[in-house]
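Have a look at the structure below, then the notes.
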Number of protein chains: 2
Amino acid sequence: MNTQAHSPAAGDGTVGKALDVLDLVAAFGRPVRFSAILEASPLPKATLYRMLQTLTNQGMLTQDPDTQAYALGLRLVRLAHEAWRQSSLAPIARPFIDALAAEVQETVHLAQMDAGQVIYVDKRNATDPIEMFSQAGKVGPAYCTGVGKAMLAHLTPDRLQDALSRQSFHDHTPATLDTAIKLMRELDDIRASGVAYDREEHEPGIICIAAPILSSPARVIGALSITTSTARHALDTLDGFKPALLRAAEDIGGAAHDWQFPSDDPSAHSPS
Amino acid sequence: MNTQAHSPAAGDGTVGKALDVLDLVAAFGRPVRFSAILEASPLPKATLYRMLQTLTNQGMLTQDPDTQAYALGLRLVRLAHEAWRQSSLAPIARPFIDALAAEVQETVHLAQMDAGQVIYVDKRNATDPIEMFSQAGKVGPAYCTGVGKAMLAHLTPDRLQDALSRQSFHDHTPATLDTAIKLMRELDDIRASGVAYDREEHEPGIICIAAPILSSPARVIGALSITTSTARHALDTLDGFKPALLRAAEDIGGAAHDWQFPSDDPSAHSPS
DNA sequence: CGGTTGGTTCCACATATTGAAACCGCATCT
DNA sequence: AGATGCGGTTTCAATATGTGGAACCAACCG
């Protein structure tokens, strides 16, 4: 019934609260002491205390022995390593992204959708060395990024509805599509052309061309983008990347599909 | 009382179980269906079911709509992004690692210790492009890796004891130090010389020189290693890297210290 | 069409979580 | 020194939560 997913104030049971605490600690972005967490949390002192202890025991948090500040634990990193491997299509997409980045000599992003937000799971920077984990895991808005729009455009109606309801439509730049109506119209174009553009809608001077990655029939499982700046490319020259981008996106989609249904999955899916 | 930290069968409360389930799913390394998890878990059907539902609600797991297989969720990736930023010293160490890798033209690892295990939080591969997240988050044994031994050597007695009790002492290669006694003896040498070697103890043909990263008085907060193969370097030529390695380790330790105690922390620590 | 596997829901019971209040240690203030 | 306050830890009864055996439903298979 409850279409509402997590995000703040999800509140299923004890683990919900525990995870909220994790988010809370994460939000600080640096080690925090007990009292700081306390006043940011709705939980009463004693409860929070035990929760923190439990989480620390579990390795989800670590507590500095000197300053007794809590920070996210390494178990999380360990888990995430797995999460990244299995839940994201990053590992599958890797070779294609490498190739694409090398070919176009621009920054390439691989993103997925989570709770209406875009989450970058990989990035290849053709010029600079690399940015690594510092980028993977980053989240961003869906309504004003190329990858976000590319994915939105190919969502099923109900999922789109859900996703739209989560957008905050803040005006990042003058070009930002700041209403659901404008966005919807653009999504039609995107569906038609097969690619989405970010026309400095998120950050001034930054533009990109993005394509959805589709699996099986027509499920979006991610998006791929080539990002550059107005200093390097005019908006309309972005189309030069279109063939390479689309090819890479298709290749990744195909690879993902093959990986999901190697040939033996007994409880298969509805015929394609 | 219970020195035992997490790992399987930790069992504090509900969240403990929830996290165990996460580990379980992670262990599969690929999306798994309900029944598969069920038979790997001690939990009864109904309980596990609700647990999975909760975790899915919370975004810690995702369930494929077609095959209803569970996989680690993107929220985890998001959290880990933060965890990596704040709990690990990777972000601080980054520039130093880059420099070191460039200087020595060999693979450089940055690792930390968690529950007696080594966890790699960063890696720089001087020759190949990069390995990214695919490496960060990886865990390995402490007793037979350079970084592991370097950290063990500088643990406080009680922590060392705890860590040792968690080692499994499996013979990876003929050179593996397979008993606590042998290991202890080696730790003395490491303390004396300031660096640890991996003499093909983990993988044949792979050798490394590692140094602990120390903060404030004498707390190990991580370790740094330069890894190469017997094909490229003889064991005794590794010493050539020693100065650069030690310098980098010291620099990182210093930077971490400055970062931890910028200058204003009111509830400071014992005078340094 | 009946048997089986795989997943979901019920419900009485027990356990784990709750949170006000008391407590401790330690630094600071007078 | 002695008092005061703040940050962190512990206790304990009330109760909300999670538990898990068993029944249930659906879909697939023979």
Side-chain angles (χ1 to χ4, degrees), chain A residues 1-2 9-22 24-25 28 30-58 60-71 261 264-271, chain B residues 1-2 6 9-22 24-25 28 30-58 60-71 261 264-272:
Chain A
M1 300 301 118
N2 188 353
D12 353 36
T14 313
V15 308
K17 287 170 195 167
L19 294 176
D20 284 348
V21 172
L22 275 187
L24 210 52
V25 176
F28 279 94
R30 62 188 165 72
V32 269
R33 313 264 299 307
F34 179 88
S35 49
I37 305 176
L38 179 58
E39 61 185 325
S41 168
L43 276 53
K45 220 191 206 181
T47 305
L48 181 76
Y49 178 68
R50 255 173 311 97
M51 188 111 293
L52 288 174
Q53 248 188 193
T54 306
L55 288 172
T56 308
N57 274 332
Q58 297 296 325
M60 300 298 280
L61 294 177
T62 32
Q63 192 173 13
D64 186 296
D66 294 339
T67 71
Q68 49 209 119
Y70 295 93
F261 313 107
D264 58 15
D265 193 338
S267 66
H269 56 301
S270 40
Chain B
M1 315 289 129
N2 188 352
H6 64 90
D12 1 30
T14 314
V15 308
K17 287 170 194 167
L19 295 175
D20 283 349
V21 172
L22 276 187
L24 210 52
V25 176
F28 279 93
R30 62 188 167 74
V32 269
R33 313 264 298 306
F34 179 87
S35 48
I37 306 176
L38 178 60
E39 59 186 327
S41 168
L43 275 53
K45 223 190 202 182
T47 305
L48 180 73
Y49 179 69
R50 256 174 307 100
M51 188 113 292
L52 288 174
Q53 248 186 194
T54 307
L55 288 172
T56 307
N57 274 331
Q58 298 298 323
M60 300 297 281
L61 293 177
T62 34
Q63 192 174 14
D64 186 295
D66 294 339
T67 71
Q68 46 206 122
Y70 295 93
F261 314 108
D264 57 14
D265 194 335
S267 68
H269 55 303
S270 39
S272 65

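It should be emphasised that the depicted structure is a prediction, and the values quoted were computed from it without experimental measurement. Here is the naming used below: chain letters follow the sequence lines, and residue numbers restart at 1 for every chain.
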Hey, does the side-chain of A/Lys45 have a donor or acceptor N/O within less than 3.5 Å of a partner on the base of D/dG8?
yes
Evaluate B/Arg30 against B/Val32 for side chain to side chain contact (heavy atoms under 4.5 Å, CB included), listing each step before the verdict.
CA-CA 6 Å; B/Arg30 62 188 167 74; B/Val32 269; 3.9 Å; yes
Do A/Met60 and A/Thr54 come within less than 4.5 Å of each other through their side chains, counting heavy atoms only?
no
Nearest-Å distance for atom pair OH/P, residues B/Tyr70 and C/dG6
14 Å
Among the nucleotides D/dT9, C/dT17, D/dG20, whichever has the atom closest to the side chain of A/Gln68 is D/dT9
To the nearest angstrom, how far is A/Met51 atom CE from D/dT17 atom C1'?
12 Å
Which one, D/dT17, C/dG19, D/dG20, comes nearest to the side chain of B/Pro44?
D/dG20
Has A/Lys17 got a side-chain N or O lying under 4.0 Å from the OP1 or OP2 atom of C/dT18?
yes
Spacing between B/Leu43 atom CG and D/dT17 atom P, to the nearest angstrom
20 Å
Hey, which of these two, A/Gln53 or B/Thr14, hits DNA chain D nearer its 5' end, going by closest nucleotide?
A/Gln53
Of the listed nucleotides (C/dG6, C/dC10, D/dT17), which one gets closest to any side-chain atom of B/Ala46?
C/dC10
Within the 4.5 Å heavy-atom criterion, are A/Gln53 and A/Tyr49 side-chain neighbours or not?
yes
Rounded to whole Å, how long is the line connecting atom CZ of B/Arg50 with atom C1' of D/dA16?
14 Å
To the nearest Å, how far apart are A/Ile37 CD1 and D/dT9 P?
11 Å
Interatomic distance where CG belongs to B/Leu19 and C1' belongs to D/dG18 [whole Å]:
16 Å
Return the nearest nucleotide to the side chain of A/Arg33; candidates are C/dT17, D/dG8, C/dG6.
D/dG8
For B/Thr47, report the nucleic acid contact type (base, sugar-phosphate, nothing); a contact means any heavy atom under 4.0 Å.
base
Check this one for me: any side-chain N or O of A/Tyr49 less than 4.0 Å away from OP1 or OP2 of D/dT9?
yes
Using the side-chain heavy atoms of A/Phe34, tell me which of these nucleotides is nearest: D/dT19, D/dG8, C/dA20.
D/dG8
Provide, to the nearest angstrom, the distance between the CG atom belonging to B/Asn57 and the P atom belonging to D/dG18.
12 Å
Please tell me if B/Ser35 has a side-chain N or O lying less than 4.0 Å from either OP1 or OP2 of C/dT5.
no
Are the side chains of B/Val15 and A/Lys17 in contact, using a 4.5 Å heavy-atom criterion?
no
Round to the nearest Å and state the distance from A/Leu38 atom CG to C/dA20 atom P.
12 Å
Hey, does B/Phe34 have a side-chain heavy atom less than 4.5 Å from the side chain of B/Leu48?
yes
